[in-house]
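None of these values were measured; they are calculated from a predicted model.
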2 protein chains.
Amino acid sequence: MVEIIRPTLVINKDVCLQNIEKMAQKAKSHKLRFRPHFKTHQSAKIGDWFRIFGVDAITVSSVQMAEYFARNGWNDITIAFPLNILEIGNINRLAANIKLNVLIENREAATALSKRATNPVGVFFKIDTGATRTGIDPSKTGTINSILEILSNNKKITFKGFLTHAGHTYSALSTNEIFSRHFDALLKLKNLKKKYQSRFPDIEVSIGDTPSCTLCTNFNGVDEIRPGNFVFYDLMQYNLGVCSLDDIAVRMVCPVVAKHPSRSEIVIYGGAIHFSRESLINVDGKPFFGRIYIRNNGEEKLLSERNYLSKLSQEHGIIKVSQKSFNLIQIGDLVEVVPIHSCLTANLARKYLTTEGEEIPMINT
Amino acid sequence: MVEIIRPTLVINKDVCLQNIEKMAQKAKSHKLRFRPHFKTHQSAKIGDWFRIFGVDAITVSSVQMAEYFARNGWNDITIAFPLNILEIGNINRLAANIKLNVLIENREAATALSKRATNPVGVFFKIDTGATRTGIDPSKTGTINSILEILSNNKKITFKGFLTHAGHTYSALSTNEIFSRHFDALLKLKNLKKKYQSRFPDIEVSIGDTPSCTLCTNFNGVDEIRPGNFVFYDLMQYNLGVCSLDDIAVRMVCPVVAKHPSRSEIVIYGGAIHFSRESLINVDGKPFFGRIYIRNNGEEKLLSERNYLSKLSQEHGIIKVSQKSFNLIQIGDLVEVVPIHSCLTANLARKYLTTEGEEIPMINT
């Protein structure tokens with residue numbers, strides 16, 4: 001058993017396996033390929049937990065991550081990030097060994113790939129279904145046609161279909177709004193598929209975000225889902241109504257180093273380099289960085305919403321607590337903080353410890 | 001020469017050496033010990049650059065960082081973080097080999113250290129001079145006396161003096177406010193020193209923040225300064241009036257992957273896992289994550305304040321630009337982003353590349 005003496009990202013493997021199983025079953029029941037996004041956990045070991053549920057194709061967000069998972073036995077990978085033409089050399093090397101898909105959304109990247117692809121590579125068109133982060137507006141079939149024309153010059157390239165990340169579900173104010181944004185994305189993609197299916201009978205539609213994939217039940221026209229965050233969930237998903245607190249599989253466990261009764265604050269070893277600076281707005285209208293569990297006589301206890309991680313500097317965290325909670329927490333105790341955004345927190349932690357005491361490495365550990 | 005193909009933290013060694021030299025000279029001219037904080041760069045190699053200017057004592061923010069720099073030849077280290085009693089075992093092991101100082105601010109930690117310290121260790125009292133992050137209020141001499149009493153039970157422990165981090169200079173609205181907060185901190189520490197100097201003639205006063213150490217010229221009663229961020233500076237310091245843009249030694253160099261003319265946005269490979277989510281408020285009253293340099297016909301060009309990194313997701317960054325700038329930036333180009341908070345950005349980067357093409361590792365690289 002590893003003793004926790006400093007900020008440590010603890011993962012509950014049972015909860016994590018449950019989250020994976022539920023999503024795998026959902027995909028199966030809707031006849032969707034389940035291609036989970038591995039950017040959330042970034043761990044070959046946690047990747048192996050997905051194989052239990054029949055997963056053999058994955059999504060990543062960078063070429064480096066694709067290289068890492070390819071080294072760890074994954075041979076069907078989509079890099080869900082607009083093609084970075086400076087990395088085409090690495091993409092060619094990867095595509096020599098695995099089934100690789102990349103995203104294209106402009107003529108410049110299409111031209112570079114068409115000129116330089118030396119191994120078979122699949123191309124999805126990144127479609128902007130409303131998130132306005134990046135991607136092609138679905139009405140711009142002129143752009144799509146000219147990119148198809150460019151790509152057709154290289155026989156190594158296969159047009160695979162249309163992909164979106166409806167990231168605007170994260171700014172929804174209600175689950176109804178998640179449903180309607182998802183539905184709108186479905187319509188746009190279905191129309192595109194219809195338009196190109198006669199020329200390209202095998203093209204697919206791939207959608208991604210955890211809120212839609214968790215809550216929605218209409219996947220009309222969709223072939224593949226790529227959620228990532230659901231493996232851990234977090235307070236952002238809880239806040240959106242996507243998961244319960246019990247579905248959240250990770251907590252940052254932090255030592256208490258000081259107490260300040262005059263302002264009802266607890267100082268923990270655990271700061272911006274452990275949690276990231278991602279915040280939500282709490283019941284008092286103030287930004288906060290996490291909810292708190294403590295152990296009281298061995299019993300796990302969730303503190304109310306009025307107790308929260310309120311400030312972060314590089315290594316310090318300040319927890320605002322009620323007077324009752326203040327008296328329950330002592331210097332030298334460990335508190336457990338539920339993170340706002342598990343992807344960014346895991347990326348900073350660089351490794352995990354399971355509740356059973358097993359250390360789990362990540363990429364670059 | 002290393003070719004940049006993905007987000008890379010590039011460091012200008014000349015600027016960095018200048019920053020170190022200036023601060024070393026300032027310390028010397030005010031007869032202050034210069035004990036720079038190494039949490040900003042976290043690199044043994046960059047640490048070596050400080051030796052050129054006679055530095056032989058350092059500050060770190062964690063036991064792990066102390067272990068790393070001790071392995072790399074530093075033998076006089078202050079861990080400027082409230083003693084985490086769960087790490088006393090590691091502290092004992094470190095103190096067997098180097099001159100080590102720790103911070104105490106409550107009876108609980110003092111009691112644990114007094115019971116368990118097995119090797120000589122120096123103790124600074126962490127004083128809260130107004131930042132209200134943590135530390136003892138300087139008026140609470142009762143607390144100070146009782147901690148001194150507890151520590152006196154272990155002859156391995158030496159009371160070294162009073163230490164503060166006037167972190168509230170970071171929320172100053174003018175350089176005058178930085179001066180006044182610094183002056184107020186000096187007064188508080190000077191009074192404390194006076195009170196205890198007859199009993200402890202060798203006690204010292206140690207102060208820390210980069211804004212005060214850079215701007216202020218009154219160090220009355222101070223024995224030691226511990227600035228850290230000045231080695232790189234960043235937009236936060238620039239915004240406070242502490243440095244010029246030319247003093248900032250690091251930039252995140254990022255590939256351009258997409259352009260969206262309809263909203264005058266450039267998409268870069270470079271997101272929250274590269275920059276951190278630390279933001280400032282720009283001229284339009286909106287949060288932003290960095291300022292932009294581009295290369296135009298080989299010439300470096302700083303884009304105006306109306307061009308800025310406006311949004312971050314895990315790996316994507318969105319740059320808002322003027323129409324003129326939009327036309328100067330092409331897909332496949334590299335843009336250079338000045339970070340808001342260099343400490344957090346460096347912590348995420350895990351390594352540096354100098355402008356001369358040399359790779360510089362960090363702790364845990």
Side-chain angles (χ1 to χ4, degrees), chain A residues 3-6 39-40 61-64 81-87 89-90 105-109 112 126 128 132-135 137 165 167 255-260 262-263 265 267 269 271-273 276-279 311 313-316 318 330-332 334 341 343-344 347-348 350 364-365, chain B residues 3-6 39-40 61-64 81-87 89-90 105-109 112 126 128 132-135 137 165 167 255-260 262-263 265 267 269 271-273 276-279 311 313-316 318 330-332 334 341 343-344 347-348 350 364-365:
Chain A
E3 200 191 351
I4 297 178
I5 60 171
R6 55 178 69 103
K39 78 176 174 129
T40 302
S61 55
S62 71
V63 176
Q64 281 175 306
F81 187 85
L83 179 78
N84 169 18
I85 64 179
L86 304 181
E87 290 182 298
N90 302 57
E105 59 167 89
N106 50 58
R107 294 181 189 84
E108 292 87 337
K126 170 76 186 267
D128 179 4
T132 65
R133 180 172 69 179
T134 195
D137 188 289
H165 174 71
V256 173
V257 296
K259 293 177 69 176
H260 296 288
S262 64
R263 45 186 193 267
E265 286 180 356
V267 183
Y269 177 12
I273 65 165
S276 94
R277 284 206 147 279
E278 192 94 56
S279 62
K311 272 187 214 155
S313 48
Q314 185 162 340
E315 318 251 1
H316 300 71
I318 308 292
Q330 309 308 332
I331 290 168
L334 295 169
H341 190 170
C343 307
L344 296 187
N347 178 68
L348 283 161
R350 302 179 194 180
N364 295 327
T365 294
Chain B
E3 199 192 352
I4 296 179
I5 60 171
R6 56 178 69 106
K39 78 177 174 126
T40 302
S61 55
S62 70
V63 175
Q64 281 175 306
F81 187 84
L83 178 77
N84 170 18
I85 63 178
L86 304 181
E87 290 182 295
N90 303 58
E105 60 167 85
N106 49 58
R107 294 182 189 85
E108 292 87 338
K126 171 76 186 270
D128 179 4
T132 63
R133 180 172 67 180
T134 195
D137 187 288
H165 174 71
V256 172
V257 296
K259 292 177 70 176
H260 296 287
S262 65
R263 45 185 192 266
E265 287 180 354
V267 183
Y269 177 12
I273 65 165
S276 93
R277 285 207 146 278
E278 193 94 56
S279 62
K311 272 186 215 156
S313 47
Q314 185 161 340
E315 317 252 1
H316 300 72
I318 308 293
Q330 309 309 332
I331 290 168
L334 294 169
H341 189 172
C343 306
L344 295 187
N347 177 69
L348 283 161
R350 302 180 194 181
N364 294 327
T365 294

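The closest side-chain heavy-atom distance from B/Glu108 to A/Val256 is not below 4.5 Å.
Contacts of B/Ile318 with chain A are made by side-chain atoms alone, with heavy-atom separations under 4.5 Å and no backbone atom involved. At a 4.5 Å heavy-atom cutoff, the contact between B/Ile273 and chain A is made by backbone and side-chain atoms alike. The part of A/Leu334 that comes within reach of chain B is its side chain, from C-beta onward, which places non-hydrogen atoms under 4.5 angstrom from that chain. When heavy atoms are compared at a cutoff of 4.5 Å, A/Asp137 does not approach chain B at all. Using a 4.5 Å cut-off between heavy atoms, B/Gln330 makes no contact with chain A at all. If you measure heavy-atom distances from B/Asn106 to chain A, the contacts under 4.5 Å come from the side chain alone. Contacts between A/Asn84 and chain B at a heavy-atom distance below 4.5 Å involve backbone atoms as well as side-chain atoms. If you measure heavy-atom distances from B/Thr134 to chain A, the contacts under 4.5 Å come from both the backbone and the side chain. Both the backbone and the side chain of A/Glu315 come within contact range of chain B, each with at least one heavy atom under 4.5 Å from a heavy atom of that chain. For B/His316, the parts lying under 4.5 angstrom from a heavy atom of chain A are both the backbone and the side chain.
Taking all atoms of both residues into account, the shortest heavy-atom contact from B/Phe81 to A/Tyr269 is CZ-CA, 3.6 Å. The two residues B/Leu348 and A/Leu348 come nearest to each other via the heavy atoms CD2-CD2, 3.3 Å. The two residues B/Arg350 and A/Asn364 make their nearest non-hydrogen contact at NH1-CB, 3.2 Å. Taking all atoms of both residues into account, the shortest heavy-atom contact from B/Pro255 to A/Leu86 is CB-CD1, 3.8 Å. In terms of heavy-atom proximity, B/Ile5 sits nearest to A/Glu87 at O-CG, 3.7 Å.
Interatomic distance, B/Arg277 CZ to A/His341 NE2, rounded to the nearest 0.5 Å: 8.0 Å. The distance from atom CD of B/Gln314 to atom CD of A/Glu278, rounded to the nearest 0.5 Å, is 10.0 Å.
Comparing B/Ser61, B/Ala258, B/Ser276 by how many heavy-atom pairs each has under 4.5 Å with chain A, the most go to B/Ser61. Counting heavy-atom pairs closer than 4.5 Å to chain A, the top-ranked of the candidates B/Ser279, B/Gly135, B/Ser262, B/Ala272 is B/Gly135.
Checking B/Ser313 against A/Arg133 by side-chain atom types alone, a donor-acceptor pair falls below 3.5 Å. Judged purely by distance below 3.5 Å, without hydrogens or angles, the side chains of B/Thr132 and A/Arg263 never pair a donor atom with an acceptor atom.
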